[in-house]
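Note on naming: letters A, B, ... go to the chains in the order of the sequence lines (proteins, then strands), and numbering restarts at 1 for each one. If you're wondering where the values come from, they're calculated on a predicted model, not measured in any experiment.
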Amino acid sequence: MLGAKVWWHREVPARPHLPGAALQTPEEDDTVQRILSSQLKAYSGQTVTVAGWIHRRRLLKSVAFLILRDAEGLTQIVITEPSPRAQLEELTEPSDRAQLEELTEPSPRAQLEELTEESVVEVTATVTLNEQAPGGVELVSPVIKTLAKAAELPFELHRPALTATLPTQLDHAALALRHPSRRASLKVAAAATAGFRAALSEQRFVEIQTPKIVASATESGADVFRLDYFGRPGYLAQSPQFYKQMMVGVFERVFEVGPVFRAEPSDTARHLSQYTSLDAEMGFVADHRDVMAMLTRTLGVMMATITARARTQTPKVPSEIPSVPFAEALRIAGADRDEPDLAPADERAIGEWALREHGSEFVYVTGYPMRKRPFYTHPDPVDPTYSNGFDLLFRGMEIVTGGQRLHRYDDYVKAIQAMGEPLEAYAGYLDAFRYGMPPHGGWAIGLERFVARLLGAANVREVTAFPRDLHRIAP
RNA sequence: GGUCCUGUGGAGCAGUUGGAGUGCUCGCCGCCCUGUCAAGGCGGAGGUCGCGGGUUCAAGUCCCGUCAGGACCGCCA
């Protein structure tokens, strides 16, 4: 009958006192404190409020599970009350049912049956330790408040691995990135960046920001994006190189984390037209080996930070990373000794060699031919056809380029004239050397390549939130 | 830029010698199920076989073009 007591007529439970003074101040006493999935175990027996996305529903006849996803992970919420339909049929005469359904609030069970995956909900429920529950803790007797409903998903998000192909994921990036695996790779990138900053800051490096809109496409000419800058030609910066060198004259040691833009028509699994460059430049070095030592130290801190913050296993960075001269690298790879550069297959072979002979996942290749390096590269004093430049290979892929730079004004004048270019185009840059610069050098780490190698991703796009390439400019 | 490969319900695939839009895994909808955890069981809906042209009695299948995607190479981080 209508007078029958229906269980879901219920007040929201009064908020209990929460442990930890930091979580509760007198002013907040009447507000509901949101608890993250990772904190739940500390609240055993208490009623708390959690909120997040519906990761997955599992509906059985008399028990239902709501798997909630928040910033920290997953929470299982259990609804053991029978379905509203079963309740209605049990408690009412058939003639009263329609009226009863109109008069009663929807039960949590009924709400869950209506909600789709990825809808956003707030749940107030009691924390219960239960060995049957994933992670040993779950929430029971929930009151569910819907914050937003989600449309039907284009692909499943609840499985351990994303089943959609990469193009499908990238087309729906806002959704695909929510998957724990995609989210984890972005967290690794964030930890790598944090480690980079921490390592260099404690070595007296100063973080700088350099312009991404530049006046001339000087470094290599062709591979830049042109733009209309108030009616004049402008370009997107393909590197902070000139600016970080200029700033060595100010701080001695500088670094930058920022985007670089490459208009190269390179359509591969390791190329992006915008990527994140982890740049550093340091003054008063003897030669490129001082730069390599600082890079090695930095990589060690980056790995430690990734392990700590992203809970990801990282390979050991040797205190001294094996280093092979360019000609030796060609020999190891079995390449033609006249080759001016290492092909991707050569890099893979050298990576395998370093692991086999030195137990290192990292290997430096030093002394590239000058003709393959940019004009500001410092030549090897012993043989000026070779350079004091280096690359760092990680698991067989080039992830860092660095080296010692020219630092004397006259050397720059000669190098620019040798390219057949006018000095005026480099006037602002040359000022740094005209007015005195120490011997210096630096490097640039490709963040996406680094993370892809670390996580074993076949394509840098898998670890990039919104990749930009030859074919993709949205989303 | 070059070479090769792939386009089949919402997702991922298979489709034989050219013979009816055939099949698989998942999702979705309905029903069943008291502990799921990538839940399970039964049933159902959902298709311009990327697009255009050609060959053929007949094309998802063969040929040409085109668009989209992928792999490798070149080049780079």
Side-chain angles (χ1 to χ4, degrees), chain A residues 55-67 74-83 85-86 109 113 116-118 128 130-136 138 140 151-172 175-176 179-180 219-220 222-223 238-241 259-279 339-348 368 372-374 390-394 397-402 443-453 458-461 464 469-472:
Chain A
H55 192 64
R56 187 62 173 162
R57 302 171 302 158
R58 285 192 267 274
L59 305 170
L60 288 72
K61 185 178 180 70
S62 297
V63 62
F65 300 95
L66 161 55
I67 312 301
L74 302 176
T75 301
Q76 173 161 289
I77 295 145
V78 189
I79 300 167
T80 48
E81 294 83 359
S83 72
R85 182 169 168 155
R109 169 77 192 210
E113 283 174 358
T116 49
E117 272 77 13
E118 291 308 302
T128 308
N130 185 342
E131 281 182 14
Q132 283 176 289
E138 64 187 10
V140 300
E152 190 180 328
L153 308 186
F155 45 79
E156 290 102 82
L157 215 56
H158 68 275
R159 296 184 183 282
L162 270 171
T163 53
T165 55
L166 188 55
T168 306
Q169 292 180 40
L170 297 179
D171 288 343
H172 300 281
L175 183 67
H179 189 271
E219 205 180 329
S220 75
D223 304 333
Q238 57 175 339
S239 159
Q241 181 63 35
V260 296
F261 305 92
R262 303 282 169 95
E264 294 159 8
S266 301
D267 192 5
T268 79
R270 61 187 187 283
H271 281 91
L272 298 169
S273 50
Q274 173 182 336
Y275 69 90
T276 304
S277 185
L278 306 182
D279 271 272
E339 287 293 320
D341 206 351
L342 296 172
D346 299 335
E347 293 178 353
R348 288 192 286 273
Y368 279 77
K372 287 300 290 182
R373 301 304 259 204
F390 65 85
D391 279 1
L392 176 69
L393 310 187
F394 176 35
M397 185 186 287
E398 175 189 337
I399 62 157
V400 184
T401 290
W443 71 76
I445 306 172
L447 176 63
E448 292 83 355
R449 280 193 184 180
F450 171 79
V451 175
R453 283 289 87 188
N459 193 314
V460 289
R461 291 161 184 80
T464 308
D469 60 36
L470 275 177
H471 307 292
R472 191 175 293 274

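- Considering only side-chain atoms of A:A269, the nucleotide from B:U36, B:A71, B:C76 that sits closest is B:A71.
- Although no hydrogens or angles enter the test, the distance criterion places a donor-acceptor pair under 3.5 Å between the side chain of A:D346 and the main chain of A:A343.
- A:T268 pairs by the side chain to side chain contact (heavy atoms under 4.5 Å, CB included) definition with A:R270, A:H271, not counting sequence neighbours.
- In this structure, CD of A:E156 is placed 10 Å from C1' of B:A38, rounded to the nearest angstrom.
- The nearest pair of heavy atoms linking A:P180 to A:H55 is CD-CE1, 4.2 Å.
- One C1' atom belongs to B:U17, the other to B:U61, and the distance between them is 10 Å to the nearest Å.
- Of the P atoms belonging to B:C63 and B:G27, the separation is 37 Å, rounded to the nearest Å.
- In this structure, A:F155 does not count as stacked on the base of B:G27 under the 5.5 Å centre distance and 30° plane angle limits.
- B:U34 and B:G40 have their C1' atoms separated by 14 Å, given to the nearest Å.
- Counting only heavy atoms from C-beta on, A:Q76 has its side chain closest to B:G35 among B:G70, B:G35, B:G74.
- Backbone-only contact: A:R348 has heavy atoms under 4.0 Å from sugar-phosphate atoms and none from a base.
- Within the 4.0 angstrom heavy-atom criterion, only backbone atoms of the sugar-phosphate kind lie near A:A343; the bases stay farther away.
- Only the P atoms considered, B:A11 is 16 Å distant from B:G70, to the nearest whole Å.
- Remark: A:M397 CE to A:E347 CD distance equals 8.0 Å, nearest 0.5 Å.
- Contact annotation for A:L272: base contact, defined as any heavy-atom pair under 4.0 Å involving a base atom.
- Of the candidates A:N459, A:T464, A:T276, A:T276 is the only one forming a side-chain hydrogen bond (donor to acceptor under 3.5 Å, both in side chains) with A:E448.
- Residue A:E448 is classed as having no contact, given no heavy-atom separation below 4.0 Å to the nucleic acid.
- A donor-acceptor pair under 3.5 Å links the side-chain atoms of A:E117 to the main chain of A:R57, judged by distance alone.
- Contact annotation for A:T168: backbone-only contact, meaning every heavy-atom pair under 4.0 Å involves sugar-phosphate atoms and none involves a base.
- One P atom belongs to B:U56, the other to B:G74, and the distance between them is 45 Å to the nearest Å.
- Across the protein-nucleic acid pair, A:Q169 atom CD and B:G10 atom C1' stand 15 Å apart, rounded to whole Å.
- In terms of polar N and O atoms assigned as donor or acceptor, the side chain of A:Q132 never comes within less than 3.5 Å of the base of B:U36 in a complementary pairing.
- A:E117 comes within 4.0 angstrom of sugar-phosphate atoms only, judged by non-hydrogen atoms across all strands, and of no base.
- Side-chain proximity of A:K61 to B:U36, B:C33, B:C73: nearest is B:C33.
- Backbone-only engagement by A:V400 is indicated by non-hydrogen atom pairs under 4.0 Å involving sugar-phosphate atoms exclusively.
- Checking A:D469 against A:Y275, the closest nucleotide of RNA chain B that is more toward the 5' end is the one next to A:D469.
- Between the P atoms of B:C62 and B:U8, the separation comes to 15 Å (whole Å).
- Among all heavy-atom pairs drawn from A:R262 and A:S239, the shortest one is NH2-CB, 4.3 Å.
- One interatomic measurement links the two molecules: CG of A:D279 to P of B:C76, which rounds to 17 Å at whole-angstrom precision.
- The A:P344 side chain lies nearest to B:G74 when the options are B:G35, B:G74, B:A77.
- The side chain of A:H158 lies closest to B:G27 when the candidates are B:G35, B:G27, B:C76.
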Determine which bases of RNA chain B form Watson-Crick or G-U wobble pairs with both distances under 3.5 Å, and write the result as a 5' to 3' dot-bracket string with | for other-strand partners. (((((((..(((((....[..))))).(((((.......))))).....(((((..]....))))))))))))....

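- If A:T163 and A:I67 are placed on RNA chain B by their nearest nucleotide, the residue sitting closer to the 5' end is A:T163.
- Distance, A:L175 CG to B:G10 P: 17 Å, rounded to whole Å.
- Following rounding to the nearest Å, A:D341 (CG) and B:G74 (C1') show an atom-to-atom distance of 11 Å.
- Distances shorter than 4.0 Å separate some side-chain N or O of A:R56 from OP1 or OP2 on B:G27.
- Going from atom CG of A:L59 over to atom C1' of B:C33 covers 12 Å, rounded to whole Å.
- Between the base of B:G74 and the side chain of A:E264 there is no donor-acceptor pair shorter than 3.5 Å.
- Side-chain proximity of A:T268 to the nucleotides B:U34, B:G35, B:G74 is greatest for B:G74.
- To the nearest 0.5 angstrom, A:D469 atom CG is 7.0 Å from A:L272 atom CG.
- Here the nucleotide nearest the side chain of A:A133, chosen from B:A77, B:U34, B:G35, is B:G35.
- Residue contacts shown for A:P154 are limited to sugar-phosphate atoms, with no base heavy atom under 4.0 Å away.
- Comparing B:A58 with B:G41, their C1' atoms sit 42 Å apart, to the nearest whole Å.
- Of the candidates B:C28, B:A77, B:G35, the closest approach to any side-chain atom of A:E152 belongs to B:C28.
- Between the base of B:C33 and the side chain of A:R58 there is no donor-acceptor pair shorter than 3.5 Å.
- Closest approach of A:R461 to A:L166, counting heavy atoms only: CB-CD2, 3.9 Å.
- The distance from atom CD of A:E347 to atom C1' of B:C73 is 13 Å, rounded to the nearest whole Å.
- Nucleotides B:G21 and B:G47 place their C1' atoms 7 Å apart, quoted to the nearest Å.
- Out of B:U36, B:G12, B:G35, the shortest distance to the side chain of A:T165 is found at B:G12.
- Taking atom CG of residue A:L60 and atom P of nucleotide B:C31, one finds them 15 Å apart after rounding to whole Å.
- The backbone N or O of A:V460 sits nowhere less than 3.5 Å from a side-chain atom of A:R449 that would complete a donor-acceptor pair.
- Residue contacts shown for A:N459 are limited to sugar-phosphate atoms, with no base heavy atom under 4.0 Å away.
- Side chain of A:H179 to main chain of A:E156: no donor-acceptor pair is present (N/O by atom type, distance under 3.5 Å, no hydrogens or angles).
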